[in-house]
Amino acid sequence: MAKTTIPRAVVPSTPARKPSERWLRIAKTRQNAKSGVLLPCGRMVPMNDTHQNPLFAALNPAQQEALHRLNGPVMIVAGAGSGKTRVLTHRIAHLIATGVPPETILGITFTNKAAREMRDRVRALLFGNLAPSAREPLLATFHSLGVRILREFAPQAGLPRSFSIYDRADSLKIVKDSLRELGAEKQWEPRALLSAISRAKGDATTLSAYRDRAATPFEEIVVRVWERYENALQRTNALDFDDLLSRTLLLVESQTEIQQILQERWRYIHVDEFQDTNAVQYRLLRLLVGKEQNICVVGDVDQNIYSWRGASIRFMLNFESDFPGAAQIILEENYRSTQTIVAAANELISRNRNRIPKVSHSTNEEGSPVRLYAAYDEHDEAAFVARTIRERLQEGVASREIAVLYRANFQSRVLEEALLRVGVPYKVVGTRFFERKEVKDILSYARAALNPQSTADIARIANTPPRGIGKATLAALLAEREHTLAARARNAVASLRRDLKAVAAVLATEPASHAIRHIMELTGYLRMLEASKSEEDKERAENLKELVSLAAEYDHHAPPAGIEEMLAQAALESDQDTLRDNHEGVALMTVHAAKGLEFAEVFVVGLEEGLFPSYAGLNDASRDEEEERRLMYVAMTRAQKQLWLSWAQSRMLFGNRSVQAPSSFLSEIDPSYLEPVQAEEEAREPLRVIYLDE
DNA sequence: TCACTGGACGTTTTT
DNA sequence: CGTCCAGTGA
Ligand SMILES: Nc1ncnc2c1ncn2[C@@H]1O[C@H](COP(=O)(O)OP(=O)(O)OP(=O)(O)O)[C@@H](O)[C@H]1O
């Protein structure tokens with residue numbers, strides 16, 4: 001395997017504004033075709049000099065290996081906090097530094113936030129504060145990559161120029177409607193049907209293949225709903241999340257020319273969090289990798305936590321046979337956490353049988369023990385968290401350095417109440433801005449105007465604000481039977497049409513933020529909110545103003561591309577995206593949402609049998625004890641310095657107070673790493689009375 | 001058409 | 001215990 005690439009054009013793509021801004025510059029002499037690094041002092045060092053090239057100096061020897069092996073397939077396998085993401089970032093920067101054209105590099109991340117961060121890091125590593133150049137690597141999630149490809153090749157993919165992306169709520173609504181049409185809404189759970197459909201799509205199973213092997217009554221109803229679901233999507237020019245991947249796969253699979261274009265476009269492909277890749281993503285990936293086989297994936301099988309939606313570690317296990325000659329790089333040093341945290345997490349995960357044992361150690365300080373709190377109930381637990389955080393803030397820890405992690409979203413409520421009570425600022429990650437009703441409404445106007453087939457959007461906004469369009473009128477409108485309506489209803493429909501026409505005109509001519517403002521005004525939506533006396537509506541009006549400033553980020557696109565881009569972003573926004581880079585406040589989130597993040601101090605709450613590990617889906621095949629343990633491993637390894645674990649002896653579940661047993665995971669951590677925290681006396685007494693009352 | 005209300009039902013995790 | 005939604009009456 002070649003250790004040095006053959007650089008092509010190595011002339012710096014963007015002229016430096018000021019010499020000081022560009023601390024690292026690509027230079028090359030024509031004679032030897034070898035590149036070097038120009039240090040700020042003006043001295044030139046060879047590109048591969050592991051001592052002087054700053055990109056190498058920031059990595060340990062094992063990590064550097066990934067920068068030496070730029071060609072051919074590479075898989076980096078390593079535990080939490082071992083610098084996998086850091087290596088990817090440096091590798092991409094290094095590729096560019098050696099003269100690989102940036103736009104031939106593709107990096108796939110798990111969330112948009114991760115993509116954005118990687119983009120910032122690569123820029124910082126290469127150009128200091130230089131303005132973004134047109135020539136940049138593409139850093140995106142599989143889903144946004146799909147949108148990009150499908151937009152570019154819309155005709156070949158059999159898609160209209162402007163298609164809508166349906167989020168889970170949109171999809172669920174179609175499933176519900178389909179079930180109702182089938183008269184089966186009482187017998188089946190819409191969510192179960194949607195996840196069956198989604199799961200099949202993610203496994204690259206087509207409807208007809210699924211139909212052929214459907215045997216159980218459940219599978220039969222899935223088929224019947226899926227047929228209707230697919231019809232509805234097609235009718236409304238819409239794609240769901242899974243389609244963004246599967247339609248892209250279909251396109252690239254069936255059209256060799258397109259495959260070739262894409263293979264030539266991205267000659268260096270990277271995938272982060274590879275352990276959570278599903279079948280469709282993997283097949284797409286294999287098709288995108290060109291003859292040179294320049295693919296670099298990083299992952300940790302112990303952090304596979306999305307198997308319930310089709311992600312599988314088998315692609316990691318098969319990597320070497322699918323990509324012959326693949327180099328494997330193993331990273332063993334954890335840079336993130338204290339020795340105590342690393343040891344405790346390793347011990348826990350070693351209980352899993354279905355894994356490949358690996359070494360992971362830390363040369364960081366030993367650190368303090370993991371603190372364990374046994375609460376009386378969920379209120380006591382939340383009070384403990386709030387009180388401890390307040391103390392830590394007083395001791396000088398920044399609030400953004402602290403996270404509280406839980407298994408299920410409903411657990412955030414008590415925590416919020418407790419934090420509010422003691423005045424600790426916090427941010428619940430996962431309450432997505434774009435899922436707020438008022439935001440969805442305004443965006444629905446845009447979607448309906450851009451894509452007149454989008455009946456879901458039309459239904460959503462037809463009577464918001466009230467125009468006098470009720471159920472009957474709406475049905476007639478959607479069936480294009482307006483002429484059968486009474487005059488009053490016809491007028492109402494005419495007013496809706498006028499609004500949509502006006503919105504369409506505005507979208508075609510105005511930049512994104514102006515367009516959004518116009519929508520709010522010309523539809524009377526903002527007026528409706530401002531006329532209301534309720535606090536909630538006041539807040540909604542505020543959110544809409546926020547939406548306008550968000551839209552301004554898309555103003556540089558020519559209309560209507562700005563809005564289209566924003567709509568795609570809105571649909572693809574991840575939970576993590578609600579955490580702004582410079583956010584204030586303690587982060588509250590599910591363990592799933594914390595994947596890939598790190599915090600100085602971490603609380604993991606609700607460590608009770610049935611909750612974490614969760615017993616939900618007990619009858620399902622989806623329940624997986626080992627995945628729950630991996631989830632716990634992910635949770636623990638988010639912490640850099642201090643980890644707190646807690647559980648409650650009693651908890652309100654489904655409106656019933658239930659007696660809880662401590663999580664089995666707690667007994668899987670050696671007691672020598674743990675230190676119990678005593679309850680505060682005054683906190684204990686009144687709560688004990690409540691407890692005994694039961 | 002729309003506002004209100006009682007009852008059913010839920011909590012796994014999400015791009 | 002809350003939330004959401006379907007069904008009711010005005
Ligand atoms: N060689 C190194 N020198 C100093 N710090 C490092 C080094 N490698 C990694 N780190 C730091 O360790 C932390 C973890 O790195 P990173 O997030 O890249 O790990 P990861 O393997 O992707 O983690 P996870 O799998 O848990 O998401 C980061 O703060 C990173 O900056």
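Protein chains get the first letters and strands the later ones, always in sequence-line order, with residue 1 at the start of each.
Taking atom CD of A:Glu627 as the reference point, atom C1' of B:dT13 lies 8 Å away to the nearest angstrom. With rounding to whole Å, A:Arg629 atom CZ is found 20 Å from B:dT12 atom P. Atoms CG (A:Leu405) and P (B:dT13) sit 14 Å apart, rounded to a whole Å. Straight-line distance from the CD atom of A:Glu189 to the P atom of B:dT11: 8 Å, rounded to whole Å. Whole-Å rounding puts the A:Leu653 CG to B:dT11 C1' distance at 8 Å. One atom, NZ of A:Lys176, and another, C1' of B:dA8, lie 13 Å apart when rounded to the nearest Å. The distance between atom CD of A:Glu628 and atom P of B:dT11, rounded to the nearest whole Å, is 16 Å. For the pair A:Phe110 CZ and B:dT14 C1', the interatomic distance rounds to 8 Å; values are reported in whole Å.
Between A:Trp308 and B:dT13, a base-stacking contact is recorded: ring centres under 5.5 Å apart, planes less than 30° from parallel.
Counting heavy atoms of neighbouring residues, nucleotides and ligands inside a 6.0 Å radius, atom CZ of A:Arg436 exceeds 12 of them. Surrounding CZ of A:Arg151 are more than 12 heavy atoms belonging to other residues, nucleotides or ligands, all under 6.0 Å away.
No contact: A:Arg651 has no heavy atom under 4.0 Å from any strand. Using a 4.0 Å heavy-atom distance criterion, A:Asn463 is classed as a sugar-phosphate-only contact. Note on A:Glu378: nothing from the nucleic acid sits closer than 4.0 angstrom, heavy atoms only. The residue A:Phe612 sits apart from the nucleic acid: no heavy atom pair falls under 4.0 Å.
Toward the 5' end of DNA chain B, the nearer of the two residues A:Arg467 and A:Ala593, judged by each one's closest nucleotide, is A:Arg467. Between A:Phe410 and A:Ser198, it is A:Phe410 whose nearest contact on DNA chain B lies nearer the 5' terminus.
In summary, the aromatic rings of A:Tyr306 and A:Phe110 are positioned with their centroids under 6.0 Å apart.
Of the possible polar contacts, one joining the A:Asn463 side chain to the A:Arg467 backbone as a donor-acceptor pair under 3.5 Å is found. One N or O on the side chain of A:Asp380 and one on the backbone of A:Tyr376 form a donor-acceptor pair closer than 3.5 Å.
With P as the reference atom, C:dC4 and B:dT13 are 15 Å apart, rounded to whole Å.
OP1 or OP2 of C:dC1 has not a single side-chain nitrogen or oxygen of A:Arg413 nearer than 4.0 Å. Here A:Ser614 does not reach the OP1 or OP2 of B:dT11: none of its side-chain N or O atoms lies under 4.0 Å away. Put simply, A:Asn409 has no side-chain N or O that comes within less than 4.0 Å of OP1 or OP2 on B:dT12.
The listed nucleotides are B:dT14, B:dT13, B:dG10; the one nearest the side chain of A:Arg168 is B:dT14.
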